[in-house]
Amino acid sequence: MKQFLHMKLVSTLLPTKPLFLCNCSVPFPLWFWNKTRFLLTRHYSHLRRPSSLSYTNMAQEEGVVVSLQEWQGWGTTSPLPTMVAQIVHDLKGLEHDLDAHMSFGGNGGKLKGNFRIQEDKKHRATYQALADSEKKLQFYSARQIACRILGSRGYLCQKCWLPMEDCMCSEVTSCSLHPGIRFWLYMHPKDFLRQNNTGKILWQVFGVDAASLCLFGIPEHEEIMWNSLKVAGKSKVWCLYPNKSAVLKSVQNAFDQEPVTSDGIAPSELKVETIHHFILIDGTWSNSAAMFRRLQDKAKLVWGDEDLPCISLNPGASAMHKLRPQPSWDRTCTAAAAAGLLSELQLLPQFRSIELDEQAEAIEHALSVLLDALTKRRVRMGRSITRKMRQTNIR
């Protein structure tokens with residue numbers, strides 16, 4: 001009833017002429033009525049502001065729950081994954097069956113309310129009915145991604161993954177990555193659309209073709225990545241992961257004696273087998289172990305029994321330690337790892353002429369912009385701008 005009265009009040013305040021009378025001998029000028037109407041309209045604007053739900057309903061009315069354009073707007077060039085589309089369709093079907101609307105909130109944009117309880121029962125039953133562990137992983141990943149898309153629609157900027165009022169896109173400087181280098185962001189679903197995720201910075205700076213998103217457990221994404229890695233060959237594929245059980249090489253040991261393609265060659269003329277592919281595992285340290293094992297298992301199926309080559313970078317902390325601390329100071333965020341790799345490659349003679357240091361600086365600048373945007377948001381919301389270091393068993 002209260003909301004109805006608010007809506008009625010707004011409807012009477014929006015016309016250009018006032019619909020109420022004031023017993024006053026002095027007439028109010030036109031600017032007074034315009035100013036009053038503006039202030040009241042802004043005050044009650046939350047009643048008309050489109051929410052994530054309204055964007056979802058608009059998409060459904062148009063016959064497309066998640067369009068290809070919307071999906072690719074989040075930072076990928078792939079088609080919409082089949083299972084993600086199916087789960088979104090099932091969520092909308094459950095919404096219709098329960099005659100209830102989906103609503104999201106809290107960390108990660110989780111479902112909430114009675115709809116969450118009913119959906120949780122349904123998805124647990126579906127998950128337990130899957131006998132194959134691979135199918136369970138695919139279902140888990142697809143559900144995480146489907147909920148995050150629906151919960152973020154109309155709220156987050158698609159490019160920087162920050163709330164619209166905190167969008168940092170205009171402050172990020174883009175540049176071209178050397179065509180002989182390609183990054184693969186192997187991202188955990190729980191990091192997808194996460195506001196303080198740093199992997200997104202790489203395609204903001206270099207573009208989605210130079211820094212490609214590959215979502216963990218999404219078969220379409222993993223197939224695209226591995227098809228490219230197979231063509232390149234194992235000698236051109238490296239994983240940036242400080243796992244002591246893997247065979248590690250420093251940047252200098254890995255590339256010191258290897259020539260690099262001339263900077264003058266256009267990307268279209270560059271041979272596929274000359275491109276270096278770097279896989280960056282983008283997820284929390286607790287999730288990264290499982291992601292690395294999946295990469296290793298796939299590499300053994302493709303290339304035999306040998307481990308996937310790993311590169312160890314010189315220790316260095318990024319500015320993001322202030323808001324998103326790592327288990328130890330010798331570990332860093334995804335974007336800072338990419339910047340560190342480019343900086344170390346720049347020190348090698350064969351890479352000095354291709355300005356990798358400038359490309360590394362572009363990443364560092366974007367990291368600073370992200371840190372500033374997140375800090376301002378926390379201050380505005382009355383939250384702490386520092387994080388306590390969490391205890392961990394990771395070494």
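All residue numbers refer to positions in the sequence shown, counting from 1. No hydrogens, no waters, no symmetry mates; every other heavy atom, side chains included, goes into these values. All values reported here derive from a predicted model rather than from experimental measurement.
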Of Leu240, Leu185, Leu295, which is the lone residue that meets side-chain contact (heavy atoms from CB on, under 4.5 Å) with Ile281? Leu295
Roughly how far, to the nearest 0.5 Å, is the [atom2] atom of [Y] from the [atom1] atom of [X]?
X      : Y      : atom1 : atom2 : value
Asn114 : Arg116 : CG    : CZ    : 9.5 Å
Met225 : Leu215 : CE    : CG    : 10.5 Å
Ser235 : Trp303 : OG    : CH2   : 9.0 Å
Leu280 : Trp238 : CG    : CH2   : 14.5 Å
Glu70  : Leu80  : CD    : CG    : 9.0 Å
Glu361 : Glu355 : CD    : CD    : 10.5 Å

Closest heavy-atom contact between [X] and [Y]?
X      : Y      : answer
Asn197 : Gly199 : OD1-N, 2.9 Å
Val172 : Ala366 : CG1-CB, 4.2 Å
Ala232 : Lys236 : O-CG, 3.7 Å
Met102 : Glu95  : N-OE2, 2.8 Å
Pro79  : Gln72  : N-NE2, 4.5 Å
Arg380 : Glu165 : NH2-CG, 3.7 Å

With a 3.5 Å distance limit and no angle check, can you tell me whether [X] reaches the backbone of [Y] through a side-chain donor-acceptor pair?
X      : Y      : result
Ser141 : Pro189 : no
Gln359 : His178 : yes
Asn227 : Glu223 : yes
Gln158 : Gly75  : no
Glu364 : Ala339 : no
Gln195 : Leu162 : no
Gln350 : Phe255 : yes
Arg148 : Phe192 : yes
Trp184 : Cys239 : no
Gln346 : Arg352 : yes

When you compare the side chain of [Y] with that of [X], does any pair of heavy atoms fall below 4.5 Å?
X      : Y      : result
His188 : Met291 : yes
Ser78  : Trp71  : yes
Cys214 : Glu222 : yes
Ile279 : Leu308 : yes
Arg182 : His276 : no
Leu367 : Cys333 : yes
Asp307 : Gln296 : yes
Pro179 : Ile275 : no

Donor on one side chain, acceptor on other, His277 and Ser228, under 3.5 Å: no
Please check if any side-chain donor atom of Thr76 sits under 3.5 Å from a side-chain acceptor atom of Trp203, or the reverse. no
Take Leu213 and Val208 through the test side-chain contact (heavy atoms from CB on, under 4.5 Å) and record every step on the way to the result. CA-CA 7 Å; Leu213 174 63; Val208 293; over 6 Å; no
Say whether Leu347 and Leu341 are linked into one hydrophobic cluster, either directly or through other cluster members, by side-chain heavy-atom distances under 4.5 angstrom. no
The test is side-chain contact (heavy atoms from CB on, under 4.5 Å); show your working for Ile149 and Val88 and say whether it passes. CA-CA 9 Å; Ile149 290 175; Val88 171; 6.0 Å; no
Do Lys190 and Gln144 pass the side-chain contact (heavy atoms from CB on, under 4.5 Å) test, and can you show the C-alpha distance, the side-chain angles, and the key distance before you say yes or no? CA-CA 7 Å; Lys190 285 191 173 182; Gln144 284 280 335; 3.8 Å; yes
NZ/Lys122: more than 12 non-hydrogen atoms of other groups inside 6.0 Å: yes
Are there over 12 heavy-atom neighbours, none belonging to Lys234, within less than 6.0 Å of that residue's NZ? yes
Give the intermediate values and the outcome of side-chain contact (heavy atoms from CB on, under 4.5 Å) for residues Phe278 and Leu342. CA-CA 11 Å; Phe278 296 98; Leu342 296 177; over 6 Å; no
Below 30° counts as parallel, above 60° as perpendicular, anything between as tilted: where do the rings of Tyr186 and Phe216 land? perpendicular
Qualifying residue for side-chain hydrogen bond (donor to acceptor under 3.5 Å, both in side chains) with Arg377, from Asn196, Asp372, Asp166: Asp166
Glu119/Arg143 ion pair, N-O < 4.0 Å: yes
Given the rule in the salt bridge (Lys or Arg N to Asp or Glu O under 4.0 Å) test, do Arg293 and Asp297 qualify, once you have shown the distances and angles that lead to the verdict? CA-CA 6 Å; Arg293 285 196 301 269; Asp297 291 343; over 6 Å; no
